[in-house]
Protein chains: 2
Amino acid sequence: MKHNITSINDIARALGVSASTVSRALKDHPDISRETRARVQAFARSVNYRPNALALGLKQQRSFTLGIILPEIVHHFFSTIISGIEDLAYSKGYRLMICQSNEEFERERINLQALLDHRVDGLLISMSKNTFEFDHFKHAVEHGLPLVFLDRVCKDIETDRVVTDDFQGAHLVTTHLIRTGRQRILHLAAPQHLAIGRKRLQGYSEALADHNIGLSDELILQCDTPTQVLANREKILSLAPTIDGIFAVNDFTAIAVMQLLQENGFVVPADIAVAGFGDDPIALIARPKLTTVEQKGYDMGKEAVRMLIERLENPDKEKGFETKTFSATLKLRESA
Amino acid sequence: MKHNITSINDIARALGVSASTVSRALKDHPDISRETRARVQAFARSVNYRPNALALGLKQQRSFTLGIILPEIVHHFFSTIISGIEDLAYSKGYRLMICQSNEEFERERINLQALLDHRVDGLLISMSKNTFEFDHFKHAVEHGLPLVFLDRVCKDIETDRVVTDDFQGAHLVTTHLIRTGRQRILHLAAPQHLAIGRKRLQGYSEALADHNIGLSDELILQCDTPTQVLANREKILSLAPTIDGIFAVNDFTAIAVMQLLQENGFVVPADIAVAGFGDDPIALIARPKLTTVEQKGYDMGKEAVRMLIERLENPDKEKGFETKTFSATLKLRESA
DNA sequence: AACGATACCGCAAACGTTTGCGGTAATTAT
DNA sequence: ATAATTACCGCAAACGTTTGCGGTATCGTT
């Protein structure tokens with residue numbers, strides 16, 4: 001609804017000049033006399049004039065808005081990403097339109113379409129777990145829209161990416177488990193169509209191989225949420241007497257399995273060492289405190305939006321796509 | 001930058017009709033013949049025509065965008081609020097522009113101004129902890145923009161609100177502590193210019209009074225973050241031998257103080273019972289599991305956006321402002 | 001005095017969409 | 001045959017902003 005907001009046309013009428021004079025005066029354009037500029041600026045201040053971003057966006061073909069699609073906002077890692085994005089975007093004068101896909105392909109597609117309709121200047125996307133088809137991303141990129149994939153990247157689309165060195169992190173933490181005497185390590189894995197799932201499993205596998213420990217299929221379980229820990233409780237408990245370590249693909253899953261073990265008489269880390277991936281705040285709250293791999297959500301978010309804004313503000317600079325890989329850091333605590 | 005996106009004008013040229021014909025045909029307007037409507041619609045589909053939301057917004061004076069300002073996105077409670085908002089907004093066809101104030105008044109003010117510039121249809125705001133002056137809210141409301149305050153409300157502005165029954169929750173949990181034998185209960189409070197801080201302290205005070213227990217100023221400490229628990233560690237540890245319960249204003253603070261006590265030889269809940277407010281996932285991760293008051297962020301977010309959209313979609317319905325108060329539920333676990 | 005240059009402002013089109021209302025041809029009623 | 005009505009489409013203005021370019025008055029040079 002019309003909110004009696006003052007426009008350039010209103011100012012023009014009030015001062016008896018044209019809208020183009022007002023527009024130029026507000027920009028301190030030398031074609032407009034100093035006197036007229038001063039009159040217009042003073043009046044604009046007095047009526048709290050603010051340019052309409054919709055009109056500006058239509059005229060300039062820029063909306064100063066970035067579109068973000070993440071799987072789940074409540075997931076701590078994703079909320080730190082958003083926080084990092086928002087902090088830098090705010091300082092650079094960009095607004096954020098944030099959507100969550102809730103791991104649903106269709107919702108991701110519809111949200112992406114809506115962001116395109118709103119003429120966002122660029123996109124930051126972490127792909128849904130259930131996205132197996134990428135035309136919606138292709139469509140966006142074909143429009144020349146800069147897009148940075150974050151964490152959950154789509155390998156079919158050539159574009160900038162910001163990821164954690166999942167392989168390295170998994171390798172580090174598995175190596176740590178082995179070097180502290182663990183030999184039979186269960187890996188609670190993410191779905192393998194996700195790069196992070198694959199790379200963390202690869203890191204785990206390679207670390208075992210590096211220590212001449214054979215890979216055992218029965219020690220790899222797809223289980224990447226607390227809900228799935230519950231769903232797999234019988235399996236996990238039947239394996240428990242035969243293992244001495246667990247590397248879970250994220251902290252929530254690690255803590256869920258740790259608590260399951262503790263509730264069933266196992267002592268962590270004495271009986272079974274447990275490690276996660278993420279270094280969420282819960283890692284410090286859990287007892288024992290969780291050994292995990294730090295994942296720098298905030299910094300990743302900041303870097304992703306920095307890369308995006310660099311493309312937006314240098315559109316003619318033909319720059320090859322980059323993948324920025326954040327190194328993983330092992331956080332040694334009590335659980336492993 | 002122009003992304004070669006098809007406009008109504010492009011379709012009009014291609015089909016040899018006028019833009020107004022195309023616009024009407026796309027809306028199945030009876031003034032346009034069936035044959036022309038069919039031709040236009042088929043062509044629009046074939047070129048993936050999508051209306052430009054900026055142009056639509058300018059013309060219709062509606063942007064189908066809601067502005068949200070919250071203190072901190074990484075704070076679990078706020079991320080659940082966003083999730084609730086986003087789920088309902090998505091289903092009703094609204095986009096979200098989300099900003100965080102980082103508890104800074106100036107950033108809240110600038111973010112609010114930017115949302116107004118973008119002509120968001122309505123606002124959902126949880127006030128910054130450091131907001132003591134409300135002209136920026138008044139300015140928004142004076143423009144006739146619907147605004148719903150969430151959780152951290154501003155009492156000087158008449159508008160819709162969604163809150164937790166902080167008083168009731170605090171009363172419930174303090175009563176529980178008393179009824180399980182605790183007599184000297186430390187309250188770790190939020191700043192008193194925040195309604196939630198005041199009401200939770202009031203609930204605590206009233207519960208003590210209800211049980212003929214005198215209120216002691218030395219048992220009220222402003223301390224509402226883990227960082228402040230560290231800052232107040234000497235004070236808390238000097239009080240510890242003289243108290244038998246703690247009611248902290250939020251879960252993070254409760255768990256931080258619980259861990260401080262445990263690290264200094266106290267047993268929870270045997271020596272000192274500890275309760276929080278919020279029922280974040282960390283409540284279940286902490287050991288002992290935290291007794292706390294459930295705060296329904298997701299449902300509050302959903303309700304807030306429902307109220308906002310109801311006003312947007314019924315602008316002529318003169319409806320008094322409401323405050324929806326979500327009841328608090330005590331979650332009894334092991335820490336108290 | 002005449003001509004050229006400059007200061008200062010406004011016209012009009014454009015971005016993309018919607019819609020009130022008018023024009024014209026075809027159809028229907030008298 | 002003529003008048004009235006209707007179907008179907010387009011013109012033009014509007015939402016709010018920007019900007020290329022032209023008009024006019026004033027000033028400076030010859």
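Note on naming: letters A, B, ... go to the chains in the order of the sequence lines (proteins, then strands), and numbering restarts at 1 for each one. Any value given below was found using the heavy atoms of this structure, including those in side chains, with hydrogens, waters and symmetry copies removed.
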The nucleotide from D:dC11, C:dT17, C:dG10 with an atom nearest the side chain of A:V17 is C:dG10
Whichever of B:E35 and A:I8 has the more 5' nearest nucleotide on DNA chain D, that residue is B:E35
On the side chain of B:R24, is there an atom forming a donor-acceptor pair with the base of D:dG10 - under 3.5 Å, no angle test? yes
Sugar-phosphate, base or nothing in reach of A:N52, heavy atoms under 4.0 Å
sugar-phosphate
*According to a strict under-4.0 Å criterion, is A:K59 in side-chain N/O contact with OP1 or OP2 of D:dC15?*
no
Between A:L26 and A:R13, whichever has its closest DNA chain D nucleotide further toward 5' is A:R13
Using a cut-off of 4.0 Å on non-hydrogen atoms, how would the nucleic acid contact of B:S7 be classed: base, sugar-phosphate, or nothing?
sugar-phosphate
I'd like to know if B:E103 pairs up with B:R152 as an ion pair, taking the criterion as any Lys NZ or Arg NE/NH1/NH2 lying under 4.0 Å from an Asp or Glu carboxylate oxygen. yes
Of C:dC21, C:dT19, C:dC11, the nucleotide closest to the side chain of B:S20 is C:dT19
Practice prompt. Ignoring backbone atoms, test whether B:S33 places a side-chain nitrogen or oxygen under 4.0 Å from the OP1 or OP2 oxygen of D:dC9.
Written response: yes
Given the structure, check if the side chain of A:T36 and the base of C:dC8 hold any donor-acceptor pair shorter than 3.5 Å.
no
Q: For B:R37, report the nucleic acid contact type (base, sugar-phosphate, nothing); a contact means any heavy atom under 4.0 Å.
A: nothing
**Report entry** Sugar-phosphate, base or nothing in reach of B:S23, heavy atoms under 4.0 Å
**Finding:** base
| Does A:K27 have a side-chain nitrogen or oxygen under 4.0 Å from the phosphate oxygens OP1 or OP2 of D:dT19? | yes
- A:F64 six-ring centre to A:R62 NZ/CZ under 6.0 Å and within 45° of normal: yes
Open item on the list: In terms of relative ring orientation, are A:F137 and A:F134 parallel, tilted or perpendicular, with 30° and 60° separating the classes?
Closed with: parallel
Check your understanding: Under 4.0 angstrom, heavy atoms only, what part of the nucleic acid is A:R34 near: base, sugar-phosphate, or nothing?
Key -> nothing
Inset, instruction - Answer whether the closest heavy-atom distance between the side chains of B:T159 and B:F149 falls below 4.5 Å. - result: yes
**Message:** Are the side chains of B:V22 and B:Y49 in contact, using a 4.5 Å heavy-atom criterion?
**Reply:** no
Between B:L58 and B:T21, whichever has its closest DNA chain C nucleotide further toward 5' is B:L58
